[in-house]
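Start at 1 and go down the list; that is how both ligands and their atoms are numbered.
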Amino acid sequence: MNPVQYGAPCQALVDSFNAREPEQKDHKYWNDPSVDLVRAEIKDHYIAEQNRRCCYCNREYPTNNKAVWDGEHIIAKSLAPHFMFEPRNLAASCKDCNIAKGEDEVRVNPNRKAFPDQSQQYIIVHPHFDDYNDHIRWYGDVVRPLSAKGGQLVGKCKLWRFGVAKAGVEVSPPNPLVDGMIGVMMDPQADPLTKAVAIEGYKAYVRERAQKAPD
Ligand SMILES: [Zn+2]
C-alpha cells in the first residue's frame, strides 16, 4: 500500500506539529478544525488506495462518504501522538473495526522510540507491512486466522462479528474453541475425521446455545 503524500499546505501543518516538544504533542489536536484538510486528505488517499475496503475486515463500503470511514491510526494516537501523522501509521477503516480496536496496544515493544517499520514489530496484521491474505482468510462471513497476527487482529477488531450477525446471535464473546471448529469445518484441506469431529462439536455448541437463549 502506498503511504499518503501530503500536499504542501498539509505537509506544513504536519511539519509544525512534528516539530513540537514531546509534551506539546497532544493527540486531541487530531480533531482540531485546523486539521480538517489533513484528515480529509488522509481519508481520500487510503479509501482509494484500499479500493474502498476496510483495512481490517476487508469489507467493501461502496462510498467515499467520510462519515462512513475513519482515518485509522494503527498505533493509537493516544498511545503515540508523535506518530499521529506518520503516513505508514495511517489507513482507512470502518467505524466498527475502529471502535472495536479502540486504544489497544499493537506494538511488540511500546518503549521503542523510533517508528516501528517492520512487520515483526507488530502483534496484529499491519495494513502497510503485511500481506492481509497471508494472515486472514474469509469463508463468506466466517473468518479464519492463518497466523498468530491474524488471530490477534480477529480478536482486537472482533472480526467474528460478521458470522455471528448472520447466525442471528446478537452478542457472542470470542470463543477460540468454537472459532477453531468453524475454521476446521471450512478448511478444504482438513481430513474427514477431523472435520467430522469439528462438526459434531459445533452442533453440540449450537444446541447448548439454543437452550440458553431467553426466548
Ligand atoms: Zn472494518
Side-chain angles (χ1 to χ4, degrees), residues 1-4 27 30-31 35 38-80 83-107 116 119 121-176 178-180 182-183 186:
M1 182 154 79
N2 292 309
V4 63
H27 74 270
W30 179 256
N31 291 313
V35 183
V38 181
R39 287 198 312 271
E41 218 170 273
I42 290 166
K43 280 194 199 182
D44 283 341
H45 171 81
Y46 287 109
I47 291 168
E49 190 70 22
Q50 297 167 205
N51 294 317
R52 304 203 285 194
R53 287 183 178 273
C54 169
C55 65
Y56 297 133
C57 66
N58 201 36
R59 289 297 181 285
E60 186 177 6
Y61 295 91
T63 172
N64 293 336
N65 187 324
K66 290 187 183 60
V68 171
W69 291 96
D70 276 340
E72 159 66 9
H73 293 88
I74 295 137
I75 304 170
K77 58 186 183 303
S78 59
L79 298 177
F83 299 143
M84 190 156 74
F85 297 109
E86 161 59 51
R88 294 165 300 170
N89 192 41
L90 292 162
S93 80
C94 74
K95 299 242 174 242
D96 287 349
C97 283
N98 193 12
I99 289 167
K101 178 168 161 284
E103 299 182 352
D104 287 0
E105 183 56 71
V106 298
R107 291 168 288 183
S119 166
Q121 291 166 326
Y122 292 87
I123 60 172
I124 61 164
V125 184
H126 196 289
H128 289 272
F129 307 130
D130 289 309
D131 185 341
Y132 188 89
N133 296 322
D134 288 345
H135 299 277
I136 298 278
R137 182 153 176 193
W138 287 95
Y139 299 90
D141 283 333
V142 176
V143 67
R144 181 176 185 212
L146 303 176
S147 68
K149 286 181 131 204
Q152 285 285 339
L153 186 69
V154 168
K156 291 205 182 298
C157 291
K158 298 184 168 61
L159 297 185
W160 37 264
R161 69 185 186 269
F162 297 96
V164 165
K166 203 169 199 175
V169 185
E170 268 299 301
V171 178
S172 173
N175 182 330
V178 173
D179 294 348
I182 293 171
M186 306 304 283

- Message: If I compare all heavy atoms of G102 with all of A76, which pair ends up nearest, and what's the gap?
- Response: O-CB, 4.2 Å

- Has C54 got an N, O or S atom lying less than 2.8 Å from the Zn ion (ligand 1)? yes

- For L90 and M1 the tightest heavy-atom approach is O-CE, 4.3 Å

- Task: Could you tell me the angle subtended at the Zn ion (ligand 1) by SG of C97 and SG of C94, rounded to 10°?
- Result: 100°

- State whether the number of non-hydrogen atoms from other residues, nucleotides or ligands found under 6.0 Å of E103 atom CD is greater than 12. no

- Task: Search all heavy atoms of Y46 against all heavy atoms of N2 and return the closest pair with its distance.
- Result: CE2-O, 3.8 Å

- Closer than 2.8 Å to the Zn ion (ligand 1), do we get an N, O or S atom from C57, backbone or side chain? yes

